[in-house]
**Q** 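My questions all concern the structure below.
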Amino acid sequence: QVQLVESGGGSVQAGGSLRLSCAASEYTGNFYYMAWFRQAPEKEREGVAMISSGGGSTYYGDSVKGRFTISRDNAKNTVYLLMNSLKPEDTAMYYCAASFRGTWYGTWYIVRNWRYWGQGTQVTVSS
């Protein structure tokens, strides 16, 4: 199993930036897609961003497109999420996820596509 550990969360004012990191317990390059999800209290888990195993393809949720950037450093087994122009509605627990390459159920942000999950890191954006 792949263990994922997120870090970098915290509190920031609206308009500010944060960079989240997700460290994997084993090499994921050429084998695993990686993604970030988020979940606010009493709301469903939402796909934020996804990146292919080699880093050549990325996808974003409509609410963060143009503000957030996902990237990965396979030599470090780490995926990042740079969040710029943060808004109060970005406040949520952010989770890192990994999935081995293979058959997908619908689109990337379907939760059941993702086999491994981190414990989450809290992001709070104040106005």
Side-chain angles (χ1 to χ4, degrees):
Q1 294 186 333
V2 177
Q3 185 179 55
L4 305 173
V5 179
E6 302 98 331
S7 62
S11 298
V12 65
Q13 291 185 333
S17 299
L18 284 174
R19 179 186 284 266
L20 307 183
S21 298
C22 173
S25 61
E26 63 182 66
Y27 182 70
T28 55
N30 294 321
F31 292 97
Y32 291 93
Y33 292 170
M34 303 291 291
W36 289 95
F37 287 74
R38 66 186 183 187
Q39 188 167 23
E42 300 183 346
K43 294 185 178 180
E44 294 185 348
R45 192 161 296 190
E46 174 190 17
V48 176
M50 178 268 204
I51 188 166
S52 60
S53 57
S57 298
T58 58
Y59 302 88
Y60 297 92
D62 289 341
S63 63
V64 306
K65 192 172 184 179
R67 299 187 297 122
F68 292 9
T69 302
I70 188 171
S71 61
R72 66 192 298 166
D73 185 340
N74 287 335
K76 297 180 179 179
N77 295 327
T78 302
V79 63
Y80 305 95
L81 184 69
L82 176 61
M83 304 182 293
N84 292 323
S85 302
L86 283 163
K87 304 175 181 179
E89 53 263 43
D90 295 318
T91 296
M93 184 73 74
Y94 282 71
Y95 297 92
C96 179
S99 183
F100 192 80
R101 294 184 301 168
T103 302
W104 289 80
Y105 299 95
T107 51
W108 68 268
Y109 51 80
I110 301 298
V111 171
R112 66 174 176 168
N113 283 321
W114 301 93
R115 301 177 184 178
Y116 306 105
W117 295 85
Q119 81 289 343
T121 185
Q122 178 68 38
V123 172
T124 302
V125 184
S126 62
S127 60

**Q** Would you give the length of the straight line joining atom CE of Met83 to atom OH of Tyr94, rounded to the nearest 0.5 angstrom?
**A**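 So the CE of Met83 and the OH of Tyr94 are separated by 5.5 Å.
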**Q** To the closest 0.5 Å, what do you measure between OG1 (Thr28) and CG (Asp73)?
**A**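 Between atom OG1 of Thr28 and atom CG of Asp73 there are 9.5 Å.
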**Q** Answer yes if Ile70 and Phe37 sit in the same cluster of Ile, Leu, Val, Met, Phe, Trp and Tyr residues linked by side chain heavy atoms under 4.5 Å apart, and no otherwise.
**A**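 As far as the 4.5 Å side-chain criterion goes, Phe37 and Ile70 are not connected within one cluster.
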**Q** Looking only at atom types and distance, does a side-chain atom of Asn113 sit under 3.5 Å from a main-chain N or O of Tyr105, one as donor and one as acceptor?
**A**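 A pair under 3.5 Å: yes.
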**Q** Can you check whether Ala35's main-chain N or O pairs, donor with acceptor, with Tyr59's side chain at less than 3.5 Å?
**A**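 Checked: no pair found.
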**Q** Measure across Gln1 and Ser25 and return the closest heavy-atom pair with its distance rounded to 0.1 Å.
**A**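 In this case the closest contact between Gln1 and Ser25 is O-OG, 4.1 Å.
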**Q** Quick one: closest heavy-atom pair of Thr78 and Lys76, and the distance?
**A**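 Between these two residues, the closest heavy atoms are OG1-O, 2.9 Å.
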**Q** Do Val48 and Leu4 land in one hydrophobic cluster if side-chain heavy atoms of ILVMFWY residues count as linked below 4.5 Å?
**A**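 Yes, one cluster joins them.
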**Q** Answer yes if the ring centres of Phe68 and Trp36 are under 6.0 angstrom apart, and no otherwise.
**A**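 Phe68 vs Trp36: aromatic centres not under 6.0 Å.
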**Q** Please answer whether the main-chain N or O of Val125 pairs with a side-chain N or O of Thr91 as donor and acceptor at a distance below 3.5 Å.
**A**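 Here the side-chain-to-backbone pair exists.
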**Q** Distance from Met34 atom CE to Ser99 atom OG, nearest 0.5 Å?
**A**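 Going from CE on Met34 over to OG on Ser99, the span is 10.0 Å.
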**Q** What are the two closest non-hydrogen atoms of Gly118 and Tyr95, and how far apart are they?
**A**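 What the structure gives for the nearest pair is O-CD2, 3.6 Å.
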**Q** Determine whether a donor-acceptor pair (N or O, by modelled atom type, separation under 3.5 Å) exists between the side chain of Glu6 and the backbone of Gly120.
**A**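 Yes, Glu6 side chain to Gly120 backbone: donor-acceptor pair under 3.5 Å.
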**Q** Are Leu18 and Val79 connected into the same hydrophobic cluster when the rule is that any two of I, L, V, M, F, W, Y join if their side-chain heavy atoms are below 4.5 Å apart?
**A**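 They do share one cluster, since a chain of ILVMFWY contacts under 4.5 Å joins Val79 to Leu18.
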**Q** Compare every heavy atom of Val2 with every heavy atom of Ala24, then report the nearest pair and how far apart it is.
**A**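 Taking Ala24 first and Val2 second, the nearest heavy atoms are CB-CG1, 4.2 Å.
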**Q** In terms of heavy-atom contacts, does CD of Gln3 have more than 12 from other residues, nucleotides or ligands at under 6.0 Å?
**A**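 No - once you tally the heavy atoms of other residues, nucleotides and ligands closer than 6.0 Å, there are 12 at most.
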**Q** What distance separates Ser52 OG from Arg72 CZ, expressed to the nearest 0.5 Å?
**A**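 The OG atom of Ser52 sits 7.0 Å away from the CZ atom of Arg72.
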**Q** Ser17 and Asn84: side chain to side chain donor-acceptor pair (under 3.5 Å), yes or no, with the steps?
**A** CA-CA 4 Å; Ser17 299; Asn84 292 323; 2.8 Å; yes
**Q** So, for Trp114 and Ala98, which heavy atoms are closest and what is the spacing to 0.1 Å?
**A**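 Closest heavy-atom pair between Trp114 and Ala98: CE3-C, 3.5 Å.
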**Q** Tell me whether Tyr109 is reachable from Val111 by hopping between hydrophobic residues (I, L, V, M, F, W, Y) whose side-chain heavy atoms are closer than 4.5 Å.
**A**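 Hydrophobic grouping puts Val111 with Tyr109.
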**Q** Would you check, one step at a time, whether the test side chain to side chain donor-acceptor pair (under 3.5 Å) holds for Ser63 with Glu89?
**A** CA-CA 10 Å; Ser63 63; Glu89 53 263 43; over 6 Å; no
**Q** Parallel, tilted or perpendicular, judged at 30° and 60°: which one describes the rings of Tyr116 and Tyr32?
**A**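 The rings of Tyr116 and Tyr32 stand perpendicular, inter-plane angle above 60°.
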**Q** Is the backbone of Arg67 close enough, under 3.5 Å, to the side chain of Ser85 for a donor and an acceptor to pair up by distance?
**A**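 Such a contact is absent between Ser85 side chain and Arg67 backbone.
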**Q** How many angstroms lie between atom OG of Ser7 and atom CD of Gln119, to the nearest 0.5 angstrom?
**A**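 Answer rounded to 0.5 Å: 8.5 Å.
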**Q** Show the nearest heavy-atom pair for residues Pro88 and Ser127, with the distance to one decimal.
**A**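 Minimum heavy-atom separation between Pro88 and Ser127: CG-CB, 4.1 Å.
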**Q** Linking I/L/V/M/F/W/Y whenever their side-chain heavy atoms sit closer than 4.5 Å, directly or via other members, would Met93 and Met50 fall into one cluster?
**A**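 Cluster IDs for Met93 and Met50 match.
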**Q** How long is the gap from CH2 on Trp108 to CD1 on Ile51, to the nearest 0.5 Å?
**A**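 Answer rounded to 0.5 Å: 11.5 Å.
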**Q** Looking at Phe100, I'd like to know if the NZ or CZ of Arg115 sits under 6.0 Å from its six-membered ring centre while staying within 45 degrees of the ring's axis.
**A**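 That pair does not qualify as a cation-pi contact.
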